[in-house]
Amino acid sequence: MIAGALYKIKRSLINTYCLIIDTFVYLPAKKNRLSNTRKKILIIKTDNIGDFILWSDAGKEYQKLFPAEQYELTLLGNNIWTSLARKTNYFNIVISLNRKKFMLYPVYRIKKMKEILNHNWYKVIYHSFSHEFGTGLSILRLIKADEIIAAPSDDGIDYAFWRNKVQKKISHTVSIAPDETHELKKNGAFMRGLGHSSFEDAIPDLKFLCLPLKETLPNAYYVIFPGASSPARKWKESNFIELCNYIHNKTGLFGIVCGGKSEIAIAENIVTKSNAKLISLAGKTTLEEFLTVLQSSAFTVTNETSCTHMAAAVNASVICILGGGHFGRFLPFPPYKNRKIPISVYHKMNCFNCNWNCIYKPTKFQEAPCVEHISLKQVIQAVDALLEKQ
C-alpha cells in the first residue's frame with residue numbers, strides 16, 4: 001500500500017530527527033534533589049483527548065497502587081488535556097507536553113527532555129498501547145529508573161525497528177490477552193497486570209469536571225459535532241445540514257454545533273445553510289464547559305472523535321458516525337451496567353481495521369468509503385430509535 005509506505009517514511013524521518021536532537025540531551029544537567037522521602041513514580045500518557053478520557057477510570061486507580069504515604073505520582077500528559085488531568089486530583093504533579101513541538105522543535109525538545117529526565121525516578125510506567133518513538137519511547141530510551149514498565153504495542157504508530165531501540169531499557173511489558181480488544185478492556189487488563197487484581201474496567205465518570213458555561217443555552221437542545229481529526233473520518237457537511245433539518249422538523253429542538261477552533265468554519269456553514277434553529281459554540285468552550293454542554297443535551301451526533309468518549313463520560317446519549325480504521329478498539333463500546341452506551345452507526349466493509357491506511361486511497365480532503373457509505377437514513381433511524389426511548 002502506497003499510503004502505508006509513505007506513512008512509514010514520514011515516521012522514520014521524524015524519528016531519525018528526534019534521535020539526532022536527543023544527543024544534545026546528554027550534556028551535563030543538574031539533578032533535582034528529592035523534596036521528600038516518597039518514591040517518585042512517572043506515568044507517561046501522551047495520547048489524544050479521547051485516549052485520556054477512556055484511560056481516566058484506570059488512571060485514578062494509580063493512587064491505590066501507589067499510596068500517597070510512600071509515593072509521589074507524576075503524570076506526563078498531552079498538553080491538550082492536562083487541564084482536565086490536574087482537576088481530577090488523581091496525581092501529585094502533572095507535566096504538560098506539546099507533542100508536535102516535542103518532535104519538531106529542537107530547543108523545546110531538549111528543554112522538556114531535561115525537565116523529565118532530571119529526577120530520581122523509582123518507577124516509570126508507559127501506559128500507551130500505540131507506541132510512539134518521538135515521544136514516549138525516546139523518553140524511555142534516555143530515562144533512568146529502578147524499573148520501567150510498558151504496555152504492549154499495537155503497531156499503530158511506529159513499527160518494530162523503532163521499538164527495538166528501546167526494548168532493552170524496558171524491565172517488564174505487561175501481558176494482555178488477545179481478546180481484550182477495546183481500549184477500556186485493555187486498560188483494565190493493564191492495571192491488573194500492574195498488581196491491581198480487583199480492578200474492573202468501567203466507563204469513566206467525569207461529571208465532577210463539568211464547569212458552568214459563560215453563555216446561556218436553550219432549556220432543551222441536541223449537539224452536533226461535525227469535525228474530526230482527519231478528512232477521512234468526516235461525514236459530509238451536507239449530511240449534517242439535512243440531519244439538523246430533520247431533527248428540527250421532528251422535535252423543534254435547538255441544535256448546538258460544537259467543535260474546536262478548527263471547526264469554526266464548518267460550524268458556521270451548517271448554521272447558515274440549515275433551516276433548523278442552530279447555535280455555534282465551535283471554538284468557544286473549554287473542555288470542562290464542553291462536558292457540561294454534552295451532559296445537559298438531549299443527545300449528541302458526532303463523527304468518530306473524542307466527543308463520543310466525553311459524552312459517555314458524563315453519561316449522555318451519543319450517536320457516533322463510525323469509520324472502520326480502528327473498529328472495535330475504541331468503538332463500538334462493550335456493554336456496561338447502569339451507563340448510557342454510545343450508539344455506533346457504521347457501514348461494514350471487508351477492509352475494516354486498516355489503521356486508517358485506506359486501500360481506496362481517498363484524496364487529502366475526501367472521506368474514506370467506510371464513512372462515505374454511511375447514509376443519512378441510517379443516522380436518522382438511530383436518532384428516531386433514541387428519541388423513542390427517551
Side-chain angles (χ1 to χ4, degrees), residues 45-54 56 77-87 94 96-105 108 112 135 206 209-218 221-241 243-244 254-274 276-297 300-314 316 318 320-321 323 330 356 364-367 371:
K45 183 71 179 173
T46 54
D47 306 297
N48 289 319
I49 298 174
D51 304 272
F52 167 72
I53 297 294
L54 290 174
S56 59
N78 193 321
N79 71 305
I80 60 178
W81 51 255
T82 45
S83 64
L84 291 179
R86 289 191 179 95
K87 287 171 180 148
V94 177
S96 293
L97 185 78
N98 184 312
R99 276 181 69 243
K100 182 177 180 180
K101 287 178 68 175
F102 191 67
M103 288 190 285
L104 299 179
Y105 292 74
Y108 179 84
K112 207 70 184 179
T135 54
L206 299 179
L209 293 177
C210 293
L211 284 180
L213 273 75
K214 303 178 187 70
E215 301 192 28
T216 302
L217 296 183
Y221 61 87
Y222 63 95
V223 171
I224 294 293
F225 196 100
S229 60
S230 71
R233 307 187 194 200
K234 287 184 181 178
W235 204 44
K236 278 189 171 63
E237 179 185 310
S238 58
N239 284 335
F240 278 110
I241 292 169
L243 178 66
C244 291
F254 267 92
I256 312 296
V257 188
C258 293
K261 291 181 180 179
S262 60
E263 277 83 50
I264 291 175
I266 187 174
E268 291 296 340
N269 279 343
I270 292 172
V271 170
T272 302
K273 295 176 182 179
S274 172
K277 297 181 291 186
L278 298 174
I279 302 169
S280 173
L281 284 186
K284 297 179 182 178
T285 60
T286 64
L287 292 176
E288 296 88 342
E289 291 169 339
F290 184 47
L291 285 171
T292 302
V293 174
L294 294 171
Q295 183 186 26
S296 302
S297 67
T300 295
V301 181
T302 175
N303 289 317
E304 184 187 357
T305 67
S306 59
C307 175
T308 306
H309 308 305
M310 294 176 79
V314 293
V318 58
C320 178
I321 300 162
F330 303 104
W356 291 107
K364 185 178 181 180
F365 302 105
Q366 184 182 8
E367 71 271 38
V371 176

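Just so it is clear, the values below take in all heavy atoms, side chains as well, and ignore hydrogens, waters and symmetry mates. For reference, positions follow the sequence shown, starting with 1.
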Check your understanding: Which word best sums up how the rings of F102 and Y108 line up, parallel for under 30°, tilted for 30 to 60°, or perpendicular for over 60°?
Key -> perpendicular
Point to revise | Working for side chain to side chain contact (heavy atoms under 4.5 Å, CB included), residues I53 and L206 | key: CA-CA 9 Å; I53 297 294; L206 299 179; 3.7 Å; yes
Practice item. Begin with the C-alpha distance, continue with both residues' side-chain angles, and end with the deciding distance and a verdict on side chain to side chain contact (heavy atoms under 4.5 Å, CB included) for E288 and C210. Key: CA-CA 5 Å; E288 296 88 342; C210 293; over 6 Å; no
Study note, to complete from the structure: Between R99 and T46, the two heavy atoms sitting closest are CD-O, 2.9 Å
Revision key, fill the gap. Shortest non-hydrogen pair, P212 vs T292, comes out as N-OG1, 4.4 Å
Exercise for review: Mind running side chain to side chain contact (heavy atoms under 4.5 Å, CB included) on T300 and Y222 for me, showing each step along the way?
Suggested key: CA-CA 6 Å; T300 295; Y222 63 95; over 6 Å; no
Point to revise | F254 six-ring face occupied by K277 cation (under 6.0 Å, within 45°) | key: yes
Point to revise | Aromatic plane relationship, F240 with W235 - under 30° parallel, 30 to 60° tilted, over 60° perpendicular | key: perpendicular
Exercise for review: Assess whether side chain to side chain contact (heavy atoms under 4.5 Å, CB included) is satisfied between I256 and I224, documenting all intermediate values.
Suggested key: CA-CA 6 Å; I256 312 296; I224 294 293; over 6 Å; no
Check your understanding: Are the charged groups of E367 and K236 less than 4.0 angstrom apart, N to O?
Key -> yes
**Study point:** Minimum-distance pair of heavy atoms, taken over all atoms of V371 and G323
**Key:** CG2-CA, 3.8 Å
Review point. Charged N to carboxylate O below 4.0 Å: is that the case for E289 and K284?
Key: no
Check your understanding: If only atom types and distance count, is the side chain of N303 paired as donor or acceptor with the main-chain N or O of T305 below 3.5 Å?
Key -> no
Check your understanding: A267 and S280: which non-hydrogen atoms are nearest, and at how many Å?
Key -> CB-OG, 3.4 Å
